[in-house]
Amino acid sequence: MSVRVRFAPSPTGYLHIGSLRTALYNYLYAKHNGGTCILRVEDTDRTRLVEGAIEEQIESLRWAGIVFDEGPHIGGDFGPYIQSERFHLYNQYGMQLVESGHAYYAFDTSEELDAMRARQQAAGIAPKYDRSSMRNQYTIGDDETANLLAVNAPHVIRLKVPLQTDVHFHDDVRGDMVVGGREIDDQILVKSDGFPTYHLANVVDDHLMEITHVIRGEEWLPSTPKHILLYEAFGWKPPSFSHLPLLLNADRSKMSKRHGDVMVQDFRAKGYFPQALVNYVSLCGWNPGSDREIYSLSELVDVFTLERVNKAGAVFDYKKLDWMNGEYLKAMDPKDLAAELMPELSYAGYTYTEPSFVANVAELLRERVTFLKDIAVFGDYLFTDGIPALSELTEEASKPLGSSETLGLLRANDAFMTALRAFRADFNDDVANDHDGFKALAQASAEANGLKLGAFMKPLRLVLTHRDVGADLFRTVQLLGAKRCITRIDGFLS
RNA sequence: GCAGCGUUCGUCUAGGGGUUAGGACACCGCUCUUUCACAGCGGUAACACGGGUUCAAUUCCCGUACGCUGUACCA
C-alpha cells in the first residue's frame with residue numbers, strides 16, 4: 001500500500017517553527033517512500049479561528065519548499081480538505097458510535113463538570129469523567145434520553161472507554177505502548193454546538209483520506225489511546241503512529257513565543273534562507289547517521305527515515321542556525337545572491353546596482369555577514385557615489401566603525417597625511433586594478449613616512465569606506481573603482 | 001496529584017557490553033593577515049544517580065532523581 005501522510009495544522013495563527021518541522025518530516029517521509037503528502041486544515045474550533053491564518057501557513061510552507069500533493073489549495077480525490085466543510089460527516093459517524101454503544105450522550109452542565117473535578121481533586125483522584133455519578137444516558141432508545149433530546153437539552157457525545165481493557169499500540173519512534181483503560185477519559189467527540197472535537201474529526205478524516213502514517217508532535221502521544229479506541233469502535237485499521245520530539249526553549253519547555261521568535265515568517269523576515277532553516281530544523285530530532293550536516297531538501301528526502309528520529313526533545317539553537325545560514329550564504333551562486341539582494345538595494349535607493357557588480361560585492365562580503373541583506377548595510381559604501389557619512393551609518397552597521405573623532409585624529413597625523421598625499425599622487429585606474437601595484441604603492445607611501453603598512457592601510461580604509469573593518473582593501477578599491485576612491489580621498493584631504 | 005514520555009560535552013547529536021566516548025555549533029588559544037571575518041590547527045567540556053545482570057556496563061534490567069508533555073465542549 002502506498003504511503004499517505006498528512007500535515008494537519010489548525011488555523012489559529014502563523015505557522016510555528018515546530019509545525020514546520022512536523023510538516024517537513026511528513027513531507028520527507030512521504031517523498032522518501034514515493035508516497036503522497038496531504039495538507040488538511042483542522043478548524044473544528046470556530047472560536048479560535050484567525051482570519052488569513054490558512055493562507056499564511058500555506059505561504060510559509062511554500063516558502064520553505066514543502067509542496068503538497070493534495071490540500072485545500074490544490075484539491076485532490078479525498079476532499080474537501082478543510083474540516084469545516086466536512087462537518088456533516090462527523091455527525092454521522094458520531095451517531096454511528098452512539099448507536100453501536102461505543103459512545104453516549106451526556107447532558108451535564110459545565111457547572112456539574114466543575115463540581116465533579118473539584119470533588120476528585122479534593123479526594124486526590126485524577127480528574128476523569130465519572131459515568132456512574134453523572135447525569136448521562138448510555139442508550140439511545142432510553143425514554144429520558146429521548147425526552148431530553150426532544151426538548152433540545154444541551155448535550156455532548158462522549159466516547160465510552162472500556163475500563164477493563166488495556167489499549168496497545170505501536171509507535172514507530174517510541175516502540176510498543178500500553179495504557180490502561182481506566183487511565184483514559186471519556187473524551188468528548190461531539191460538542192454541544194454540534195461540532196466535532198479534534199479527536200473525532202481527526203480519526204474520521206485520517207480513515208477517509210486513507211492516511212497510512214500519522215507523524216505528529218509528542219503532545220499528541222497521551223491522546224493516541226483514545227484515537228486507537230475510536231478506530232476499534234469503527235472497526236477501522238489504525239494507521240501507524242510516530243510521535244516527534246518537541247522543539248524546546250533554552251529552559252527546555254515547549255518552544256514558545258515567550259522566548260523569542262518562533263514563527264516561520266519571523267525567520268523569513270530576519271533573512272534566513274529557507275534552505276538553511278529547513279536544513280537546520282531537519283536536524284532537530286533526527287540525524288542522517290553521518291557527520292555530514294548540510295543537506296538540500298532533495299538530499300534530505302533521499303536519506304530520511306523514521307528510525308533515525310530521536311525520542312528526546314531538542315533545544316532550538318539560534319546560533320547554530322546562524323552558522324548554517326552562513327554556510328548557505330557562502331555556497332550560493334553570487335548571481336543568485338545579487339538577484340535576491342536587489343530589492344534591498346533599490347529600497348535603500350542605491351545607484352550602483354548593476355547585477356554583475358552586485359554579484360562581485362556579494363562574493364566579496366558574504367564571508368563576514370550572517371544574512372545576505374546585511375551586505376546592503378555592511379557594504380553601503382560600495383553602492384553609492386558619495387561615501388556614507390559616519391553619522392548616517394546605522395547602529396548595526398557601525399559596530400566596528402571609526403568615529404568622526406578618529407577622522408579628526410587622522411587629519412592631525414602628519415605622517416599619515418603626507419603618506420596619503422603621496423599615495424593619491426600616484427593612484428590611478430591601473431593601480432586600482434593591479435593588486436601588486438596597489439600594494440607596492442601603499443607600501444612605498446607608508447614607508448617613506450616612517451609608517452608600517454598596517455598603519456597606513458587601516459586609516460586608508462577609514463577614509464575610503466568610513467569603516468574600521470571590511471573585506472580585503474585592494475578588492476574593495478577595485479570594486480569602488482579609481483574614480484570613486486580619488487573623490488573620497490580628495491574629499492578627505494580638502 | 002495522576003498518567004505517559006524522556007535523560008551522552010553549555011546546545012544539536014554519533015555510538016553502544018570491552019572505544020583515548022566521535023562530529024557539529026558555541027567558547028578559548030595559535031597560525032594566516034592591512035582590519036573584521038573566513039580558513040587551518042589545537043584546546044576546555046558529557047554517558048543524571050543508586051542497585052542488579054555480567055569476567056566486563058555509559059550501553060541490558062529495576063528503582064530514584066530531575067525534566068517535559070498531557071490531564072479542556074483547544075488543537
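Here is how names work: the chains are called A, B, and so on, in the same order as the sequence lines, proteins then strands, and each is numbered from 1.
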### Message
Any salt bridge linking A:D193 with A:R46? Criterion: basic side-chain nitrogen under 4.0 Å from a carboxylate oxygen.
### Response
yes
### Query
For B:A56, which nucleotide in any strand shown is its Watson-Crick or wobble partner with both distances under 3.5 Å?
none
### Query
Is a donor-acceptor contact shorter than 3.5 angstrom present between the side chain of A:K319 and the base of B:A26?
no
### Message
Which nucleotide wins on minimum distance to the side chain of A:R117, given the candidates B:C12, B:A72, B:U35?
### Response
B:A72
### Message
Need one value for A:M324: base, sugar-phosphate or nothing, where a base atom within 4.0 Å counts as base even if backbone is also close, heavy atoms only.
### Response
nothing
### Message
Measuring only between side-chain heavy atoms, which start at C-beta, is A:F7 closer than 4.5 Å to A:T22?
### Response
yes
### Message
Please classify the nucleic acid contact of A:R174 as base, sugar-phosphate, or nothing, using heavy-atom distances under 4.0 Å.
### Response
sugar-phosphate
### Query
Rounding to the closest angstrom, what is the interatomic distance between B:C73 and B:C68 at atom P?
25 Å
### Query
At under 4.0 Å, does any side-chain N or O of A:N287 touch on OP1 or OP2 of B:A14?
yes
### Message
One pair to check against ring-ring contact (aromatic ring centres under 6.0 Å, His included): A:F474 and A:F438. What are the steps and the verdict?
### Response
CA-CA 7 Å; A:F474 166 70; A:F438 173 83; 5.6 Å; yes
### Task
Report which part of the nucleic acid A:V315 touches: base, sugar-phosphate, or nothing (heavy-atom distance under 4.0 Å, all strands).
sugar-phosphate
### Query
How long is the line joining CG of A:L113 and P of B:C74, in whole Å?
12 Å
### Pairs meeting criterion side chain to side chain donor-acceptor pair (under 3.5 Å) with involvement of residues 303-317 of chain A, two or more places apart
A:N287-A:R308
### Message
Give me the distance, rounded to whole Å, that separates B:A56 from B:U19 when you measure between the P atoms they each carry.
### Response
14 Å
## Note on the structure
Scanning all shown strands, the Watson-Crick or wobble mate of B:C74 with both distances under 3.5 Å is none
### C1' spacing across the pair B:G50 / B:C12, given as an integer number of angstrom
29 Å
### Task
Choose from B:A75, B:C2, B:A24 the nucleotide whose nearest atom is closest to any side-chain atom of A:Y198.
B:A75
### Task
Determine: side-chain N/O of A:N310 to OP1/OP2 of B:A14, distance under 4.0 Å, yes or no.
yes
### Task
Identify the two heavy atoms, one from A:L39 and one from A:P72, that lie closest to each other, and give their separation to 0.1 Å.
O-CD, 3.3 Å
### Message
Donor-acceptor pair, distance only, cut-off 3.5 Å: does the side chain of A:R366 make one with the backbone of A:P334?
### Response
no
### Task
Check whether any side-chain N or O of A:K191 sits under 4.0 Å from OP1 or OP2 of B:C74, and answer yes or no.
yes
### Query
A:N91 has an atom CG; how far is it from atom C1' of B:C73, in whole Å?
14 Å
### Task
Mind checking A:K128 for me? I need base, sugar-phosphate or nothing, with any heavy atom below 4.0 Å counting as a touch.
nothing
### Query
NA contact type, A:T44, heavy-atom cut-off 4.0 Å: base, sugar-phosphate, or nothing?
sugar-phosphate
## Note on the structure
Rounded to whole Å, the CG-C1' distance (A:D291 to B:C12) equals 13 Å
### Query
For the pair made of NZ in A:K452 and C1' in B:U33, what is the distance, rounded to whole Å?
14 Å
### Query
Which pairs, with at least one residue in residues 223-232 of chain A and sequence neighbours excluded, count as a side chain to side chain donor-acceptor pair (under 3.5 Å)?
A:Q187-A:K226, A:H199-A:H227, A:R216-A:T224, A:R216-A:H227, A:T224-A:H243
### Message
By nearest atom, which of the nucleotides B:A3, B:U34, B:C74 is closest to the A:K439 side chain?
### Response
B:U34
### Query
What integer number of Å spans the P atoms of B:A14 and B:U8?
10 Å
### Mate of B:C30 where both pairing distances stay under 3.5 Å, Watson-Crick or G-U
B:G40
### Query
In terms of side-chain heavy atoms of A:K330, which of B:U35, B:A39, B:A75 is nearest?
B:A39
I'd like a table of atom pairs between the protein and nucleotides 63-69 of chain B - only N or O on both sides, under 3.5 Å - with the distance next to each one.
from: B:U69; atom 1: OP1; to: A:K254; atom 2: N; distance (Å): 3.0

### Query
If the P atom of B:C25 is compared with that of B:A48, how far apart are they to the nearest Å?
24 Å
### Message
Against the six-membered ring of A:Y129, is A:R158 placed for a cation-pi contact (under 6.0 Å from the centre, within 45° of the normal)?
### Response
yes
### Any A:R308 side-chain nitrogen or oxygen under 4.0 Å from OP1 or OP2 of B:G15
yes
### Summary
By the Watson-Crick or G-U definition, both distances under 3.5 Å, B:U35 is matched with none
### Task
Using whole Å, report how far CE of A:M457 lies from C1' of B:U33.
11 Å
### Task
With heavy atoms under 4.0 Å as the rule, sort A:A471 into base, sugar-phosphate or nothing.
base
### A:F456 ring center within less than 6.0 Å of A:F423 ring center
yes
### Query
What nucleotide, of B:C36, B:G1, B:U11, holds the atom closest to the side chain of A:P127?
B:G1
### Query
Counting any heavy atom closer than 4.0 Å, what does A:D108 reach on the DNA or RNA strands: base, sugar-phosphate only, or nothing?
base
### Query
Looking for any heavy atom pair under 4.0 Å, which part of the strands does A:L473 touch: base, sugar-phosphate only, or nothing?
base
### Query
Whole Å only: how far is the CG atom of A:D166 from the P atom of B:G4?
11 Å
### Query
When rounded to the nearest Å, what value does the distance between C1' atoms of B:G42 and B:G51 take?
41 Å
### Task
Write down the partner of B:U64 under the Watson-Crick or G-U wobble criteria, each distance required to be under 3.5 Å.
B:A48
### Query
Closest to the A:R368 side chain: B:C2, B:U35, B:G6?
B:U35
### Message
Quick check: do A:F267 and A:V281 have side-chain heavy atoms less than 4.5 Å from each other?
### Response
no
### Task
Sequence neighbours left out, what passes salt bridge (charged side-chain N to carboxylate O under 4.0 Å, His left out) with A:K458? Give chain and number order.
none
### Task
I would like to know whether A:F195 and A:Y90 meet ring-ring contact (aromatic ring centres under 6.0 Å, His included); could you show each step before the answer?
CA-CA 8 Å; A:F195 291 100; A:Y90 311 125; 9.7 Å; no
### Message
What's the gap between B:A37 and B:A46 when it is taken at their C1' atoms, as a whole Å value?
### Response
31 Å
### Task
Check every atom of B:C73, B:A75, B:C5 against the side chain of A:R48 and return the nucleotide holding the closest atom.
B:A75
Atom pairs under 3.5 Å: protein N/O with N/O of nucleotides 40-49 of chain B:
none

### Query
Should B:U19 form a Watson-Crick or G-U wobble pair with both distances under 3.5 Å, which nucleotide is its partner?
none
### Proximity to the side chain of A:E183 - top-ranked nucleotide from B:G4, B:G6, B:A3
B:A3
### Query
If we call it a pair only when both distances are under 3.5 Å in a Watson-Crick or G-U wobble match, what pairs with B:U69?
B:A3
## Note on the structure
For residues 173-185 of chain A, the salt bridge (charged side-chain N to carboxylate O under 4.0 Å, His left out) pairs (sequence neighbours left out) are A:D166-A:R182, A:R174-A:E218
### Query
Using the P atom in both, what is the distance from B:C60 to B:G6, to the nearest Å?
12 Å
### Task
Classify the nucleic acid contact of A:G217 as base, sugar-phosphate or nothing, counting any heavy atom under 4.0 Å across all strands shown.
nothing
### Message
I'd like to know if A:D322 and A:K270 make a salt bridge, using a cut-off of under 4.0 Å between side-chain N and carboxylate O.
### Response
no
